[in-house]
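Written below as structure tokens is the structure these notes are about.
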Amino acid sequence: MVTENRKGRQIGRVARAGAVVLGLCLAGPSLMVGVAQAQTPGQTSAVQRGAAGANSLPDIVRLFEDQKNRVVSVQTEMAAAPQAASMFGPFGQAPERGPAMGQGSGFIVDAQGYLITNYHVVAGANVIRVVFNDGDSVPAELVGADQLTDIALLRIKTSKRLSAVTLGNSADIRTGEWVAAIGSPFGLEHSVTVGVLSATGRRIGHGPYDNFLQTDASINPGNSGGPLFNLRGEVVGVNTAIIRNGQGIGFAVPIDMVRTLIPELRDQGYIVRGYMGAGVQDLSLELAESFGLKQRAGVLLGSVDAGGPAGRAGLRPGDIVTSFGGQRVQDTPTILAAVAAAKPGTRVRVEYLRGRRSGTAEIEIGERPDPARAQIMEQRGDGTTKRGRLGVAVRPMTPAVAQQLGVEPGRGVVVDQIERGSPASRLLMRGDVILQVGDSEINSPADLTRALSAHPKNQPLRLLVQRQGASTFMAIPLQ
């Protein structure tokens, strides 16, 4: 069964055996917790053999020369190694003295200084630095992150002229195509490895949005967050995980998924997903027969939160959902993706089977709980929605929240977390709605970022705040 509000159960023979090791692409003596062995000599000779004409060997030299300045090493420092800082589990024990050091990889997606890496590479880091192919090093800040897909967006400020990678289409890549990984395995910066795409759509016990590209291009600790290229020099995946003691078995997040996350990570720092409050599982042939069905169709609800959206709509454990929002449902990835894409507060028609009778329900989509959001917002480096100058983490005003708070939809941001002892802690409360900063209206976390950045540091900050239906002005002296 896969639930929406907790880590998904492991699926497949490899996952059941406990062989999948996720989040192991960090390098460094204190954080490295697993090793994937190098490709076998047989794999290397296969690359060397090749054939002439259409089947000639790929020009990896040219690919690397074209892309090496777009790929970076990501180095991190933290006061103590985080315990279960991401869904991938603990990274190991912190050293007795000195900061914990880690290293991963990343790549430039925007010439304005935005880079992609894995969240587990930077989770909890006090210091993040980016190292270029020529050895130049610059500090980086966390702009946003998504724990469920293990993707983080960083930003750097540099006088260096930057060039972004080209994002390909992971949906178009075929099993057997040549691919190349560039990264920093074991701290060996800007290493390139070559292989083929071994499979697509792998479900390895990662979570509710489990959907990986598999490759035999060597991926080791330190490769996390680095790009997986096709032969056209397009990024098709973000290298993320390996198999413990495996040879030539690595996994990458498809770039099509990453592309959809970037705007939201850039604008507000986290991802808002829909939620229906039910645990779903694939309908096996045996289960289908036990429900009196002649063929598999839909997904089975194994659990339903009575107070959640599905429960309020009348759905029950044992119902088989066959359609969600007009989209035919065949398996758990289909419905989980559809629910996640639905905007909180919208109403979605669901078709289902109960026993041998069909039924319909209308679900008002909720917002998926995100336990990592507070940590991500606290770590953000823009000094605004981070617990910094003001000391708050905020979230956007969704239609459902606006209705609950009696606020005009799309207006204001909701105070989600307040740092103890910060300027905000003197006057603000969790659940307050910030409508205005100075003379600037606030309709998104990005608006708050801009308004606070423009505010003179030596003047009290004037806020228009709504609390329990009443609006009031507040003046907060900043630190």
Derivation and outcome, side-chain hydrogen bond (donor to acceptor under 3.5 Å, both in side chains), residues Ser73 and Gln103: CA-CA 7 Å; Ser73 172; Gln103 182 161 337; 2.9 Å; yes

Criterion side-chain contact (heavy atoms from CB on, under 4.5 Å) on Phe251 and Thr240, from CA distance to verdict: CA-CA 6 Å; Phe251 301 97; Thr240 299; 5.8 Å; no

Derivation and outcome, side-chain contact (heavy atoms from CB on, under 4.5 Å), residues Leu287 and Gln281: CA-CA 11 Å; Leu287 278 172; Gln281 64 185 90; 3.7 Å; yes

Residue pair Val339, Phe324: steps toward the side-chain contact (heavy atoms from CB on, under 4.5 Å) verdict: CA-CA 8 Å; Val339 172; Phe324 183 89; 3.6 Å; yes

Leu162/Phe132 under side-chain contact (heavy atoms from CB on, under 4.5 Å): CA gap, chis, key distance, verdict: CA-CA 10 Å; Leu162 302 178; Phe132 292 92; 3.8 Å; yes

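Annotation: side chain of Thr322 is not in contact with side chain of Val329 (no heavy-atom distance under 4.5 Å). Contact of the Val122 side chain with the Leu154 side chain is registered, since non-hydrogen atoms from C-beta on lie closer than 4.5 Å. Inter-residue side-chain proximity for Leu63 and Phe229 is flagged as met; some heavy-atom pair is nearer than 4.5 Å. Residues Arg273 and Ile365 have side chains not in contact (no heavy-atom distance under 4.5 Å, counting atoms from C-beta outward). Looking at heavy atoms from C-beta onward, Ser224 lies out of side-chain contact with Tyr119 at the 4.5 angstrom threshold. When side chains are defined from C-beta on, Glu264 counts as touching Val272, because their heavy atoms get closer than 4.5 Å. Between Val280 and Val321, the closest side-chain pair of non-hydrogen atoms is not below 4.5 Å. Side chains of Ile116 and Ile262 form a contact here, defined as non-hydrogen atoms less than 4.5 Å apart.
Under 3.5 Å, the side chains of Ser198 and Asp216 contain no donor-acceptor pair of N or O atoms. A side-chain donor from one of Asp256 and Ser170 sits under 3.5 Å from a side-chain acceptor of the other. Between the side chains of Gln67 and Glu234, no donor N or O sits under 3.5 Å from an acceptor N or O.
Residue Val179 comes nearest to Leu197 through the heavy atom pair CG2-N, 3.9 Å, listed as atom of the first residue, atom of the second, then distance. Looking at every heavy atom in both residues, Gly237 comes nearest to Val235 through O-CG1, 3.4 Å. Closest non-hydrogen pair, Phe212 versus Pro254, comes out as CA-CD, 4.3 Å. Looking at every heavy atom in both residues, Tyr270 comes nearest to Val394 through OH-O, 3.3 Å. Scanning all heavy atoms of the two residues, the minimum distance from Ala310 to Ala278 falls at CB-CB, 4.4 Å. The shortest heavy-atom contact between Pro139 and Ile156 is O-CG2, 3.6 Å.
Distance OG1/Thr149 to CD1/Ile271: 7.0 Å, rounded to 0.5 Å. Note that the CD1 atom of Ile182 and the OG atom of Ser191 stand 10.0 Å from one another [nearest 0.5 Å]. Rounding to the nearest 0.5 Å places CZ of Arg411 at 9.5 Å from CE of Met397. Distance check: Arg155 CZ to Arg266 CZ gives 9.5 Å after rounding to the nearest 0.5 Å. The line from CG of Leu261 to CD1 of Ile151 is 7.0 Å long, rounded to the nearest 0.5 Å. Distance CG/Asp146 to CG/Asp370: 7.0 Å, rounded to 0.5 Å.
Comment: Asp331 does not engage Arg203 in a salt bridge, judged by the lack of any side-chain N to carboxylate O separation of less than 4.0 angstrom.
With Arg70 contributing its side chain and Ile108 its backbone, the two residues share no donor-acceptor pair below 3.5 Å. For the pair Thr117 (side chain) and Gly106 (backbone), a donor-acceptor distance under 3.5 Å is absent. Formation of a donor-acceptor pair under 3.5 Å by the Asn169 side chain with backbone atoms of Asp172 is not found in this model. A donor-acceptor pair under 3.5 Å is absent between the side-chain atoms of Arg328 and the main chain of Ala297, judged by distance alone. Side chain of Asn223 to main chain of Asn220: a donor-acceptor pair is present (N/O by atom type, distance under 3.5 Å, no hydrogens or angles). Under the 3.5 Å distance criterion, the side-chain polar atoms of Glu177 are matched with a main-chain donor or acceptor of Arg174. Although no hydrogens or angles enter the test, the distance criterion places no donor-acceptor pair under 3.5 Å between the side chain of Ser105 and the main chain of Gly225. When atom types are taken as modelled, the side chain of Ser137 and the backbone of Val131 share no donor-acceptor pair closer than 3.5 angstrom. Remark: side-chain polar atoms of His120 are not paired, donor with acceptor, to backbone N or O of Asp150 under 3.5 angstrom. Looking at Asp282, its side chain never comes within 3.5 Å of a backbone N or O of Ser284 through a donor-acceptor pair.
Evaluation of the salt bridge (Lys or Arg N to Asp or Glu O under 4.0 Å) test over residues 122-136, restricted to residues two or more places apart or in two chains, returns Asp134-Lys160, Asp136-Lys160.
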